[in-house]
Student: 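Okay, here's the structure, questions in a sec.
Numbering of ligands and ligand atoms starts at 1, following listing order.
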Amino acid sequence: MNANVAGQAARATKPLSRHLAYIAQNRFARPTLVVDLDAVAAQYRALEAGLGRARIHYAVKANPEAAILKRLVALGAHFDAAGRAEIDMCLAAGATAAQISFGNTIKRPADIAYAHACGITHFAFDASEELEKIATHAPGAEVCLRIIVENCEADWPLSRKFGCAPEDALRLMDQARGLGLVVNGLSFHVGSQTREPDMWVPVLDQAAAIWRQAREAGHALRLVNIGGGFPASYDQQMQGAEAYAREVMKQVEARFGEAAEIMAEPGRGLVAEAGAIAAEVLLVSKKHENDLHRWVYLDVGKFSGLAETMDEAIRYRITTDRDHEAKGPCVVAGPSCDSVDVLYEKQPYQLPTGLKAGDRVVIHSCGAYTSTYASIGFNGFPPLDVIVI
Ligand SMILES: *Cc1c(COP(=O)(O)O)cnc(C)c1O
């Protein structure tokens with residue numbers, strides 16, 4: 001039995017989780033994301049157990065629902081915010097400024113000033129101009145240098161856009177010091193949905209090399225921020241969060257054991273599995289009589305929350321009430337009048353051959369990167385409805 005089949009067998013025998021039971025018991029007039037707060041809390045505790053001494057800063061962008069932030073505050077989480085709006089969400093949920101880091105390397109000067117006025121002291125940077133902005137608007141702040149890491153094997157890579165080249169690291173740290181800022185450490189991101197803990201090794205090695213050079217050059221780094229990347233189970237069952245995090249931390253401690261502080265910024269790995277979308281089939285059709293593939297059009301698509309199906313990067317698990325029936329390949333598409341609103345075509349999806357308009361479908365592990373990715377009303381389709389239970 002391969003891991004995938006074993007995972008499905010395990011799922012089949014487990015009782016329905018709360019959010020799936022809620023979906024089964026209710027009807028929805030439009031696509032709805034249902035998130036189970038207890039599942040978020042359980043996942044937080046699992047990550048916390050596996051991450052050991054690393055402090056968890058929840059990457060707010062994954063899902064900024066107030067109820068989620070509040071529950072995480074109650075659990076003692078810290079937060080990684082990307083701008084003024086996310087800072088306000090964290091503060092409104094009861095977080096203190098000391099619990100919030102400003103992790104975006106691309107900041108509006110007014111947002112830097114706002115964060116500084118709120119009492120936030122930790123800012124990320126990866127470029128010279130950004131340091132000048134921080135020095136002007138948050139004088140004396142602690143800054144963490146984000147570095148580019150290569151050879152990421154993530155399903156949703158975050159590499160090139162963020163981070164400085166390794167050869168620029170020391171120069172930027174020197175500049176920061178010259179501007180009266182305190183360089184507290186290094187940060188990186190292995191890429192979102194990094195399926196195996198082993199995939200972290202080359203990335204950690206690159207970061208460790210820069211860490212050593214910086215310390216030798218007299219920068220008293222004390223913090224390493226290992227970012228996010230913790231995976232969720234989509235069409236493949238992943239290792240449990242605690243075991244995964246523990247394996248990552250073993251590799252981190254082997255290289256950064258001397259670091260006084262370790263930060264991790266899970267987003268997807270914390271909230272994705274806690275949510276599912278209740279959706280509906282709007283149409284099943286064939287373009288030609290002898291077409292091998294049916295087209296299955298759902299009432300949710302790329303513009304209503306499923307943006308991570310871009311390039312078919314994230315392959316959600318879709319279940320229906322007919323899963324005991326025979327299945328066949330189909331192209332899965334969203335409802336909008338835009339031809340890019342196709343979810344799975346290169347790799348057709350197996351869905352029941354009896355599937356028809358009006359059938360309920362459940363899209364699993366949608367708690368991260370869905371609700372805020374929904375457009376504000378493209379083609380008149382409303383943003384994704386969210387219910388937190
Ligand atoms: C988006 C983001 C994260 C979260 O990444 P996941 O892979 O969802 O865990 C963490 N850190 C930073 C700086 C981010 O931008």
Side-chain angles (χ1 to χ4, degrees), residues 35 40 43-44 46-48 50-51 54-65 68-69 72 77-83 85-87 89-90 100-107 111 115 120 122-127 130 143-149 152-164 184-197 199-200 203 207 223-234 238-239 241 244-245 248-249 252 262-275 307-308 310 313-314 365-373:
V35 181
V40 173
Q43 192 73 351
Y44 180 85
L47 280 168
E48 194 178 39
L51 283 169
R55 200 171 60 228
I56 297 178
H57 284 240
Y58 171 54
V60 174
K61 75 174 186 293
N63 192 328
E65 281 296 315
I68 294 176
L69 300 182
L72 290 174
H78 287 60
F79 297 89
D80 172 54
E86 286 189 353
I87 290 169
M89 290 173 196
C90 295
I100 304 170
S101 52
F102 200 154
N104 193 349
T105 51
I106 306 148
K107 293 176 280 302
D111 283 14
I120 293 170
H122 179 111
F123 297 79
F125 78 102
D126 66 4
E130 193 70 14
V143 290
C144 188
L145 177 61
R146 176 134 175 206
I147 52 168
I148 293 183
V149 285
C152 302
E153 294 180 75
D155 288 350
W156 191 261
L158 291 169
S159 40
R160 288 172 41 242
K161 178 171 173 185
F162 307 101
C164 73
N184 63 9
L186 290 183
S187 74
F188 54 87
H189 196 302
V190 293
S192 205
Q193 188 69 4
T194 291
R195 277 171 279 108
E196 307 284 344
M199 294 174 174
W200 287 66
V203 170
L223 177 147
V224 57
N225 176 358
I226 64 172
F230 304 87
S233 294
Y234 291 105
M238 293 292 125
Q239 188 177 0
Y244 181 102
V248 168
M249 280 308 285
V252 171
I262 302 175
M263 260 170 80
E265 300 174 325
R268 184 189 305 281
L270 185 46
V271 295
E273 290 179 23
E308 288 201 312
M310 205 183 292
I314 297 295
S365 301
C366 284
Y369 304 121
T370 53
S371 50
T372 47
Y373 267 157

Student: Does a donor on one side chain and an acceptor on the other come within less than 3.5 Å for Arg268 and Ser192?
Tutor: yes
Student: Does Gln193, backbone or side chain, put an N or O under 3.5 Å from an N or O of ligand 1?
Tutor: no
Student: Can you sort out which atoms of ligand 1 are near Arg268, meaning under 4.0 Å from one of its heavy atoms?
Tutor: 6 (P), 8 (O), 9 (O)
Student: For Ser192, counting its heavy atoms only, list the atoms of ligand 1 lying under 4.0 Å from any of them.
Tutor: 6 (P), 7 (O), 8 (O)
Student: Between Asp80 and ligand 1, find which residue part has any heavy-atom pair under 4.0 Å and reply side chain, backbone, both or neither.
Tutor: side chain
Student: For Tyr369, counting its heavy atoms only, list the atoms of ligand 1 lying under 4.0 Å from any of them.
Tutor: 1 (C), 4 (C), 5 (O), 6 (P), 8 (O)
Student: Taking the side chain from Asn104 and the backbone from Ala82, do they hold a donor-acceptor pair closer than 3.5 Å?
Tutor: yes
Student: Both conditions, 6.0 Å and 45 degrees, for the charged tip of Lys107 above the ring of Phe102: are they met here?
Tutor: yes
Student: Over 60° means perpendicular and under 30° means parallel, so classify the ring planes of Phe79 and Tyr58, tilted if in between.
Tutor: perpendicular
Student: Which of the atoms of ligand 1 are close to Pro266, meaning less than 4.0 Å from one of its heavy atoms?
Tutor: 9 (O)
Student: Any atoms of ligand 1 less than 4.0 Å from a non-hydrogen atom of Ala59? List them with their elements.
Tutor: 3 (C), 4 (C), 10 (C)
Student: Around atom 14 (C) of ligand 1, find the nearest protein heavy atom and jot down its residue, atom name and distance.
Tutor: Lys61 NZ, 2.9 Å
Student: Which ligand 1 atoms are under 4.0 Å away from a heavy-atom of Glu265?
Tutor: 3 (C), 4 (C), 9 (O), 10 (C), 11 (N), 12 (C), 13 (C)
Student: Any side-chain heavy atom of His189 within less than 4.5 Å of one from Phe162?
Tutor: no
Student: Pairs of nitrogen or oxygen atoms closer than 3.5 Å, one from Phe230 and one from ligand 1: do any exist?
Tutor: no
Student: Which pair of non-hydrogen atoms, one from Val60 and one from Cys90, has the smallest distance, and what is that distance?
Tutor: CG2-SG, 3.6 Å
Student: With a cut-off of 4.0 Å, which atoms of ligand 1 are near a heavy atom of Gly229?
Tutor: 6 (P), 7 (O), 9 (O)
Student: What protein heavy atom sits nearest atom 9 (O) of ligand 1, and how far off is it?
Tutor: Gly267 N, 2.8 Å
Student: Between the main-chain N or O of Ala124 and the side-chain N or O of Thr105, is there a donor-acceptor pair closer than 3.5 Å?
Tutor: no
Student: Can you list the atoms of ligand 1 that are under 4.0 Å from a heavy atom of Arg146?
Tutor: 13 (C)
Student: Can you confirm whether Phe230 sits close enough to Leu270 that some side-chain heavy atom of one is under 4.5 Å from a side-chain heavy atom of the other?
Tutor: no
Student: Considering heavy atoms of the protein only, find what lies nearest to atom 5 (O) of ligand 1 and give residue, atom and distance to 0.1 Å.
Tutor: His189 NE2, 2.9 Å
Student: Side chains of Trp200 and Met249, heavy atoms from C-beta outward: is any pair under 4.5 Å?
Tutor: no
